[in-house]
There are 4 protein chains.
Amino acid sequence: MSERMDQWLTELVRLNEDDRVTDRQLNILRAAVEVFAEKGFAAASTSEIAQRAGVAEGTIFRHYKTKKDLLLSITVPVIDEFVGPFLLRDLETILTAQHERFEDFLRAVLFNRLQFAKKYAQVLRILAQEIPFHPELKAQLKQYVTENVLKRLVGIIEHFQEKGEIARIPARTVIRLTVSVILSHVVLRHILFHDAPWRDDEEIEMTVRFIVQGLRPDASRDQK
Amino acid sequence: MSERMDQWLTELVRLNEDDRVTDRQLNILRAAVEVFAEKGFAAASTSEIAQRAGVAEGTIFRHYKTKKDLLLSITVPVIDEFVGPFLLRDLETILTAQHERFEDFLRAVLFNRLQFAKKYAQVLRILAQEIPFHPELKAQLKQYVTENVLKRLVGIIEHFQEKGEIARIPARTVIRLTVSVILSHVVLRHILFHDAPWRDDEEIEMTVRFIVQGLRPDASRDQK
Amino acid sequence: MSERMDQWLTELVRLNEDDRVTDRQLNILRAAVEVFAEKGFAAASTSEIAQRAGVAEGTIFRHYKTKKDLLLSITVPVIDEFVGPFLLRDLETILTAQHERFEDFLRAVLFNRLQFAKKYAQVLRILAQEIPFHPELKAQLKQYVTENVLKRLVGIIEHFQEKGEIARIPARTVIRLTVSVILSHVVLRHILFHDAPWRDDEEIEMTVRFIVQGLRPDASRDQK
Amino acid sequence: MSERMDQWLTELVRLNEDDRVTDRQLNILRAAVEVFAEKGFAAASTSEIAQRAGVAEGTIFRHYKTKKDLLLSITVPVIDEFVGPFLLRDLETILTAQHERFEDFLRAVLFNRLQFAKKYAQVLRILAQEIPFHPELKAQLKQYVTENVLKRLVGIIEHFQEKGEIARIPARTVIRLTVSVILSHVVLRHILFHDAPWRDDEEIEMTVRFIVQGLRPDASRDQK
DNA sequence: CATGAATGAGCCTTCATTCAT
DNA sequence: GATGAATGAAGGCTCATTCAT
C-alpha cells in the first residue's frame, strides 16, 4: 500500500479517536482495507485481518467493538472526503474565480477526482461494494450529498447557464449527465481498469470536450 | 416480484435443464434472487432462501449442488442476455437500416437497455455486486464483451464517423463515453433510484441529445 | 464380482424371502457389498448403492426397511455359513472317517476355509469391520460359535488327544492356537494380501505341519 | 480410562506440539479415543466427542483442523510405537545376549506385546478398524514394517535357524506363522476377550511352546 | 493493554427415509 | 412395484466475540 494511504489512515484514526495512533491500529486498518477489498465485508474474516496485521485476534476488538465497526471506521470518513473536499477546498476558488469557463471547471474537477480515486482506490471499492448492504452508510451518503453537494452544484450549473455555456435544461439532468461521465471516467480509470494503459491527458481532454459540447446550448434552439 | 420476472426465471431454468420447471424450482430461484439481492451472496444463508421459498433446506441442494451453483444458475444466463440481445436482435436491424441517424440508433439502444434493466433489475444488482468476487463470472463477462460486443460497436462507430455524425476520435473513447452515459442512465433509473419519479421520455431525449452533441464533430476543428 | 458370488447372493435372498429373486434385488445386494466393503457401513451412502445398482434410491427401501437391514441381510447369513457348513457338511464325513489323522483333518479344514474365504472375501471383510459396532451381530456370532462350533470342536480335539496326536493341554487352548493359525492363514491369503503371489500348496503344507508339530505331545513330558 | 492411558496421551500430544499439554487437550483426546473406539471413526460425531470432553465443539477444531486430523493425531504415533520399540529396546538386548534360546526370545516378545496391547487396547482397536479406510495410514504402516521390522526379523530367524532351533523353511513363512500366533494371542487377550478370565502365565507358556515345537526342525527330515 | 484459547451460534451440505405419482 | 423429489435432522466446520491471564 502506498505511503499516501498510510497518511490517510493515520488521519482517519485521529479523526475517530483523536488520540495517539499506534502502529498496531494502523496495521489493523491496513489489513482490514486489504481483506475487505479482496473478499468483501461478509466473506472477510477478522482472524485473517488479525493475521495480516500481525496482531492477536482479540486485539482488533479492543479498538473496534465489532467487525462492522471496523468497516465503518474505514468507510464513513471516506464518504465525507469523497464528495466534500472538492467543494470545500477546490471549488470555492473555482467559483470565486468568476472568469473561469465551464470547461476549466470540469477539467479541475475531473483532475481532482482522479487524484482522489487513485489515492483511495481500495477503499472506494469497499465503499461501493458495501453501500447496498448497510443502510446507515447509504443514508449518510445520501444526506451528505443532498445537504452539501446538490445545492452547490445547482448553483454552479445555473451560474454557467446564465453565462450561456450550458443549455437550459433542468439542473438535475445536467448534474446527472455530468456526474455520470466524470464518475465513469474515474471508476474505469482507477477501479476497473487500473492495470490497462491510459493516455490520461488525451482522455481527460476528450471527456471534458464531450461534456462541454454535450451540454452546450443548441445554436438554433436554445440560443438567441 | 413481477410476473415478467417469473417468466424469465422459467426461461432460465429451461435453459439450464431443458426440462419442465416445477413450481418449487421457481420458488427457490425467486427466493434466491431476493435474498442475494438484499444481503449479497456471502451474507445470504441457504436456510433463509429455503424458508422464503417454502421448501426444506435440503431441497435446494437437490437442484443446485452448492450455494454457488445457485448463484451461477441465476447470473450466468444474464451475462449472455445483458450484452447479447441488443446486438443480435435490435442492432442488426438498426445497422441494416442505412438511413438511420446516430441519434435514432442511440435512442433505440437506450430504450432497449432500459427495458432490459427494468425486467432484470434485481439480478443485475446481484451480478454487479458479485462479479468482483467470482473470477469465473468476471472472465465470462470479459470474454463475451470482447468477443461479441466490442468489434461490432467499433464497426458501428466507424459507420457513423464516416457519415460525419461522430467526431474523429478513437472508437474506444467514443464507446467509453457513450456506454458510460447509457449505463449510468440505466443504473440510475432502474437500479439506484427506481423509486424516484422519472419523466422518462424527457430524460431519454436529453440523454440522447447529450451524447449526440457531445460526439458531434467540431464545426471548426473536425469538419472541413 | 465373480459368478460364484452371484449364485451366493441368489441363495442369500432366497433364504431371506423365499420368493422369486429379481435382478433388481441382486443388483442392490451386489452394489451394497461393494460399497460397504470399500467405505465401511457408516460411510457408505444408500444413494451410491442405488446408483451402482442402477435403481432408484427409494427402491432399496422397498426391499430393506433400513440401511442397517441391508447390512444384516448380507452379513447374517454369512455368519451361519462361515462357521457352520464345514461342520455340518464336510466335518461330519471327516469325523466319521475314523481313520483320519489330525493332520488330514487340519488340511481338509484349512482347504475348505480357504475356498470359502476366496468366495466371500468381500463379505467377510464387511463382517469383520462391522461386527464391533453391531452388538446383535456380535451376539449372533457368539451364540452360533458357542452352540454349534465349540462343543463339536472340543469333541474333535479330545478325539485326537485320545489318539495321542495332540498334547494333553486344555481343549480351549488347542482351539485358540489352531484357529489362530488357520484364521490368520485365511485372512492373510484372501483378505489382506490377496494380490501378492502365493505358493499355496507349500504354504498350506507348512501351516499344517506347524500346527501338528506345535500340538504334538512332548516325547518326554506328555507321552509315556 | 486408565492412568497409564493418560500418561500416554500426554506423551502423544507432546510429541505433536512439543508444548505444554493442557487438560483440555487431554480431555479431547481421551474422549476421541473413547468415541472412535465405540462407534468407529465415520459414525463418531465431533459433537459427542466435545460433549464427553466437556468442551465446546469449536474447541476441538482449534487443536485439530479436521476430524480426521484428530484421528491421525491418535493413530499415527501408535503405528510407530507398536512395531518399533520392541525391536529397538528389547530386541537389541535379546539379540546381543547370544546364549538366549528362541524360546526365551519368543517369551520376551510376547510378554512385551501383551504389555503394549494392554496399555493401548482402545487405540489399537481404532487403528485396526480404520486402517482399511485410510490409505495413508495403511501406507505408513506398510512402510514402517518393511523398512524397520522385516529385515531384522529375518536376521533373527536365520540366527536361530543356524543354531538349529528353527526348521529350514522360508523365513517369511516362519514370520507369518509366529506373528500370527503372537498377534492372535494379543488380540484375543486384550482386544476381543479382555473381560474373560485369563490364566495368563499358563497361556503364555503354551503359546510359546506351541510356536517353538511347531517350528522345531523335524528329527527325521531336517536334522542330520 | 495485548493475547489467544474458548465459546456456541450458525453455516453449508449430506443422507436415510417417506410418499405421491 | 418402482420412482425420485422432498424432507429435516445431523454433521463437520467457521467465525465473531469474550475473557482470564
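Chain naming here is simple, since letters A, B, ... match the order of the sequence lines and numbering starts at 1 in each.
- You'll find the side chain of A:Leu72 reaches within 4.5 Å of the side chain of A:Glu136, heavy atoms only.
- For F:dG4, neither phosphate oxygen OP1 nor OP2 lies less than 4.0 angstrom from any side-chain nitrogen or oxygen of B:Arg62.
- Distance, C:Lys39 NZ to E:dA16 P: 11 Å, rounded to whole Å.
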B:Leu71 vs B:Val76, test: side chain to side chain contact (heavy atoms under 4.5 Å, CB included). Steps then yes/no. CA-CA 8 Å; B:Leu71 173 69; B:Val76 166; over 6 Å; no

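- For A:Phe36 and F:dA16, the CZ to C1' distance is 12 Å, given to the nearest whole Å.
- Contact annotation for D:Ala43: no contact, since no heavy-atom pair falls under 4.0 Å across all strands.
- Of all nucleotides present, only F:dA2 satisfies the Watson-Crick or G-U wobble test against E:dT21, with each distance under 3.5 Å.
- Nucleotide E:dA16: paired with F:dT7 (Watson-Crick or G-U wobble, both distances less than 3.5 Å).
- Nearest nucleotide to the side chain of B:His63, out of E:dC15, F:dA6, E:dC11: F:dA6.
- The CZ-P distance, from B:Phe61 to F:dT7, rounds to 14 Å in whole Å.
- At E:dA5, none of the side-chain N or O atoms of D:Arg24 fall inside 4.0 Å of OP1 or OP2 (strictly under the cut-off).
- In this structure, the CD atom of C:Gln51 is 14 Å from the C1' atom of E:dT14, given to the nearest Å.
- Rounded to whole Å, atom P of F:dT17 lies 11 Å from atom CD1 of A:Ile49.
- A cation-pi geometry, defined here as NZ or CZ lying under 6.0 Å from the six-membered ring centre and within 45° of its normal, does not hold between D:Lys68 and D:Phe41.
- Between C:Glu48 and C:Arg52 there is a salt bridge, since a side-chain N of the basic residue sits under 4.0 Å from a carboxylate O of the acidic one.
- Within 4.0 Å of C:Thr46, counting heavy atoms only, lies at least one base atom of the nucleic acid.
- Residue contacts for D:Ala42: at a heavy-atom cut-off of 4.0 Å it reaches no nucleic acid atom on any strand shown.
- Comparing D:Lys67 and C:Glu57 by the nucleotide of DNA chain F whose heavy atom lies nearest to each, the residue mapping closer to the 5' end is C:Glu57.
- In this structure, the CD1 atom of D:Ile60 is 18 Å from the P atom of F:dC15, given to the nearest Å.
- Atom-to-atom, OH of C:Tyr64 to C1' of F:dA2 comes out at 15 Å; the value is rounded to the nearest Å.
- Results of the side chain to side chain contact (heavy atoms under 4.5 Å, CB included) test with B:Pro132 over A:Lys39, A:Glu38, A:Gln129 single out A:Gln129 as the only residue that passes.
- C:Thr59 comes within 4.0 angstrom of a base, heavy atoms only.
- Nucleic acid contact class of C:Ala50 (heavy atoms, under 4.0 Å, all strands): none.
- Nucleotide F:dT7 holds its C1' atom 12 Å from the CD1 atom of B:Ile28, rounded to whole Å.
- Annotation: of the two residues near DNA chain F, B:Ala56 and C:Val55, the 5′-most nearest-nucleotide partner is C:Val55.
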